[in-house]
Amino acid sequence: MGLAGQDLARLWSLVAAGASAETALRDLLPAIVTEYGALGAALAAEWYDDQRAKADVRGTFTAMPVPAEDRGAQALIGWALATATDDSSLRGLVLGGVQRRIADHARNTIATAAVEDPASAGWQRVGSGECQFCRQLIARGAVYTERTADFGAHDHCNCSAVSAWKGRPKPVKPFTPSLRFRSDEARDAHNERTREWLASHT
């Protein structure tokens with residue numbers, strides 16, 4: 001997580017020196033999320049504009065960073081403190097939550113720009129598909145066109161959004177399901193496993 005990770009390391013050093021973990025987290029974590037979320041959003045807007053120029057699409061448009069906010073950092077802290085079983089697990093839970101909240105600024109900046117840009121048909125999800133949830137969403141190859149379409153992400157999620165430019169090949173093509181999902185029984189069993197995974201990871 002780069003600089004944000006360094007600030008988190010300094011926060012944990014305060015705890016190691018005797019500061020209350022809850023006090024340190026509640027005092028410092030919201031500012032870390034907001035500061036680096038703003039940076040991530042600004043970089044994402046610049047990246048979008050660069051990709052637009054490379055695509056050589058018609059018209060002019062400038063991506064705007066989404067407003068920076070702590071995105072529920074206090075709720076994250078409360079959940080992590082209540083869930084963690086030791087110092088190591090507390091750090092892991094906080095790190096994952098912070099990563100998601102910072103990355104959401106960048107993801108939402110790109111998704112918002114792709115919906116508002118007249119040269120874009122919307123946005124698609126891209127990533128390496130490191131978990132079943134992400135693989136399933138990427139495989140759909142869906143193009144999201146509404147501002148209300150949420151970018152579903154989990155802690156430590158490395159997925160992002162890209163524009164689907166009008167008149168250009170789509171970045172992600174829909175996955176053609178294998179034979180094992182073409183019966184109702186197989187599909188129902190797969191969907192049930194997906195629901196169980198989501199219930200245990202959200």
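Residue pairs meeting the salt bridge (Lys or Arg N to Asp or Glu O under 4.0 Å) criterion with at least one partner in residues 22-49, sequence neighbours excluded, are Glu22-Arg26. Under the salt bridge (Lys or Arg N to Asp or Glu O under 4.0 Å) criterion, the residue pairs touching residues 84-109 are Arg71-Asp104, Asp87-Arg91, Arg100-Asp155, Asp104-Arg107, with sequence neighbours excluded.
Grouping the Ile, Leu, Val, Met, Phe, Trp and Tyr side chains by contacts below 4.5 angstrom, directly or via other members, places Leu81 with Val15. Connection of Met64 to Val162 is not established within any shared hydrophobic cluster, with ILVMFWY side chains joined at heavy-atom distances below 4.5 Å, either directly or through further cluster members. Residues Leu93 and Leu11 are members of one and the same hydrophobic cluster, defined by side-chain heavy-atom contacts under 4.5 angstrom among Ile, Leu, Val, Met, Phe, Trp and Tyr. The same ILVMFWY cluster, assembled from side-chain heavy atoms under 4.5 Å apart, contains both Ile32 and Leu43.
For Ala113, the side chain to side chain contact (heavy atoms under 4.5 Å, CB included) criterion is met by Tyr48, Phe61, Ala63, not counting sequence neighbours. Taking Arg168 as the reference, nothing meets the salt bridge (Lys or Arg N to Asp or Glu O under 4.0 Å) condition, with sequence neighbours excluded. Every residue two or more places apart in sequence or in another chain was checked for a ring-ring contact (aromatic ring centres under 6.0 Å, His included) with Trp47, and none qualifies. Partners of Tyr36 by ring-ring contact (aromatic ring centres under 6.0 Å, His included), not counting sequence neighbours: none found.
Considering every non-hydrogen atom in both Val66 and Thr112, the closest pair reads CG1-OG1, 4.1 Å. Looking at every heavy atom in both residues, Leu29 comes nearest to Val94 through CD2-CG1, 4.0 Å. Ile77 approaches Leu25 most closely through the heavy-atom pair CD1-O, 3.3 Å. For the residue pair Gly129 and Arg135, the shortest heavy atom distance occurs at O-CG, 3.0 Å. Of all the heavy atoms in Leu90 and Ala21, the pair that sits closest is CD2-CB, 4.3 Å. Of all the heavy atoms in Phe133 and Arg125, the pair that sits closest is CE2-NH2, 4.1 Å.
A 4.5 Å side-chain heavy-atom check between His156 and Cys131 finds every atom pair outside the cut-off. Contact of the Val115 side chain with the Tyr144 side chain is not registered, since no non-hydrogen atoms from C-beta on lie closer than 4.5 Å. Looking at heavy atoms from C-beta onward, Ile110 lies in side-chain contact with Ser160 at the 4.5 angstrom threshold. Between His105 and Leu39 there is no side-chain heavy-atom pair separated by less than 4.5 Å. Inter-residue side-chain proximity for Leu95 and Trp12 is flagged as unmet; no heavy-atom pair is nearer than 4.5 Å.
Here the straight-line distance linking atom CD1 of Ile138 with atom CD of Glu130 works out to 9.0 Å at 0.5 Å rounding. Summarising the geometry, atom CG belonging to Leu14 is positioned 11.0 Å from atom OG belonging to Ser20; distances are rounded to the nearest 0.5 Å. Between the CG atom of Asp56 and the CH2 atom of Trp165 there is a distance of 11.0 Å, given to the nearest 0.5 Å.
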* **Verdict with supporting geometry, His154 and Cys134, side-chain contact (heavy atoms from CB on, under 4.5 Å)** => CA-CA 9 Å; His154 54 81; Cys134 293; 3.3 Å; yes

* Apply side-chain contact (heavy atoms from CB on, under 4.5 Å) to Ser163 and Trp123, showing your working. => CA-CA 4 Å; Ser163 175; Trp123 61 272; 5.9 Å; no

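The backbone N or O of Ala31 lies less than 3.5 Å from no partner atom in the side chain of Thr34, so there is not a single donor-acceptor pair.
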